[in-house]
Amino acid sequence: MRKKLLRNFYVRPTLKVAKELLGKYIVRKIGKRKREGKIIETEAYIGPQDKASHAYGGKITPRNKAEYLIGGHIYIYLVYGMYWQLNISTFKEGKPECVLIRALDLGRLADGPGKVCRYLKLNKSFYAEDLTKSKRIWLEDRGEEISPSSILATPRIGIDYAGPYWSRRKWRFVLKS
DNA sequence: GTACAGATTGAG
DNA sequence: TCAATCTGTACT
């Protein structure tokens, strides 16, 4: 069973999408070759109230504007001057909510958000790409059942600057192996 | 215009 | 433990 994820999957509350992305496959077509992997770690960012979000306070910049797109678009940006971070916009148009893809089930090849993008060869050219329409990247449901008991919820990584309230929200989701 | 820190990673 | 190095923001 291979079913491409469509708009109705992404246009839902972000925490729900972040959890359900676990166990889904991301497929990246590079020429005639494909690179793909199962998503095993995600994080939810829910602006404008979320102090850890780039859209905190309703802020809009050239970098973060893709966060405001309707669910199913790619929000990709560079951190620390060298690592791309793959996010998927969620919920409705105008709502700056997204899910960060932190790891794929590929061992050390993709065990961090920067490495996911390096493996999938993603960069600024994918900015605002529509995952429901793109011919070079999309997500698939391959019928793998994920039980709630196999999902671990933990605080998000690397956002201590957002203060204890937001950095302690358990909005990071990991698929137990 | 300058200064500074960040949703990270890999080397020492 | 620390440096790499682009982008946005808060200053002068």
Side-chain angles (χ1 to χ4, degrees), chain A residues 10 12-24 26 28 35 37-92 94-131 137 139 151-177:
Chain A
Y10 302 105
R12 294 183 300 153
T14 304
L15 290 176
K16 201 170 181 61
V17 176
K19 277 182 252 187
E20 292 191 17
L21 278 172
L22 296 175
K24 299 294 189 290
I26 185 160
R28 163 81 167 105
R35 284 196 172 184
K38 181 164 71 173
I39 297 171
I40 58 169
E41 187 178 340
T42 63
E43 270 180 17
Y45 286 86
I46 307 181
Q49 70 269 31
D50 180 358
K51 205 169 177 183
S53 167
H54 291 157
Y56 176 61
K59 186 176 61 171
I60 301 180
T61 68
R63 180 175 75 156
N64 79 2
K65 64 184 181 188
E67 256 193 294
Y68 289 80
L69 297 172
I70 190 168
H73 286 83
I74 288 179
Y75 165 42
I76 191 166
Y77 67 90
L78 200 61
V79 271
Y80 304 115
M82 55 177 77
Y83 296 110
W84 293 99
Q85 308 282 290
L86 173 64
N87 296 254
I88 299 174
S89 71
T90 53
F91 213 45
K92 300 171 190 169
K95 301 289 182 184
E97 308 190 5
C98 67
V99 176
L100 170 65
I101 306 300
R102 290 192 57 87
L104 305 178
D105 185 21
L106 295 167
R108 296 177 58 176
L109 262 182
D111 59 357
K115 294 164 88 170
V116 168
C117 289
R118 191 172 62 186
Y119 176 74
L120 296 174
K121 294 192 184 300
L122 301 178
N123 54 47
K124 189 92 189 197
S125 76
F126 284 81
Y127 194 83
E129 187 100 347
D130 188 340
L131 289 167
I137 186 167
L139 272 68
I151 296 177
L152 192 64
T154 82
R156 292 173 290 177
I157 306 294
I159 54 153
D160 290 346
Y161 64 87
Y165 180 82
W166 293 106
S167 61
R168 285 178 194 159
R169 300 296 92 197
K170 292 187 173 178
W171 287 354
R172 169 172 172 254
F173 304 102
V174 183
L175 189 59
K176 293 187 213 166
S177 47

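Lettering follows sequence order; numbering is per chain, from 1. Only this structure's heavy atoms are used, side chains among them; waters, hydrogens and symmetry mates stay out.
- Pairing for C:dT5 is absent, with no Watson-Crick or G-U wobble pair whose two atom distances lie under 3.5 Å.
- Distance A:Leu78 CG to C:dA4 P: 16 Å, rounded to the nearest Å.
- Both the sub-6.0 Å distance and the 45° axial angle are not jointly satisfied by A:Arg12 relative to the ring of A:Phe91.
- Taking atom OH on A:Tyr83 and atom P on C:dA3, their separation rounds to 15 Å, with Å as the unit.
- Across the protein-nucleic acid pair, A:Tyr80 atom OH and B:dG10 atom P stand 14 Å apart, rounded to whole Å.
- The distance from atom CG of A:Leu100 to atom C1' of B:dG6 is 14 Å, rounded to the nearest whole Å.
- As a whole-Å value, the separation of A:Lys124 NZ from C:dT5 P is 19 Å.
- Look at A:Arg108 and you won't find any side-chain N or O under 4.0 angstrom from OP1 or OP2 of B:dG10.
- A:Tyr56 has its OH atom 20 Å from the P atom of C:dG8, to the nearest Å.
- Applying the 4.0 Å criterion to OP1 and OP2 of C:dG8, one finds that A:Lys59 has every side-chain N and O outside that range.
- A:Arg156 has no side-chain polar atom (N or O) that falls below the 4.0 Å cut-off from OP1 or OP2 of B:dT8.
- Side-chain atoms of A:Glu129 and A:Tyr127 form no donor-acceptor pair, as typed in the model, at a separation below 3.5 Å.
- Using a 4.0 Å heavy-atom criterion, one finds that A:Asn64 contacts no nucleic acid atom at all.
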**OP:** Check the pair A:Tyr45, A:Glu43 against side chain to side chain donor-acceptor pair (under 3.5 Å), reporting the backbone distance first and the verdict last.
**Re:** CA-CA 7 Å; A:Tyr45 286 86; A:Glu43 270 180 17; 2.7 Å; yes
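- Between A:Lys115 and A:Tyr45, the residue whose closest nucleotide on DNA chain B is further toward the 5' end is A:Tyr45.
- One P atom belongs to C:dT5, the other to B:dG12, and the distance between them is 15 Å to the nearest Å.
- In summary, the aromatic rings of A:Tyr10 and A:His73 are positioned with their centroids too far apart to meet the 6.0 Å limit.
- Closest to the side chain of A:Thr61, from the set C:dT5, C:dT7, C:dT9, is C:dT9.
- Checking side-chain atoms of A:Lys115 against main-chain N and O of A:Arg108 turns up a donor-acceptor pair under 3.5 Å.
- The distance between atom OH of A:Tyr75 and atom C1' of C:dT7, rounded to the nearest whole Å, is 10 Å.
- Rounded to whole Å, atom P of C:dG8 lies 15 Å from atom CD of A:Gln85.
- For A:Arg118, the listed nucleotide lying nearest its side chain is B:dT9; candidates were C:dG8, B:dT9, C:dT5.
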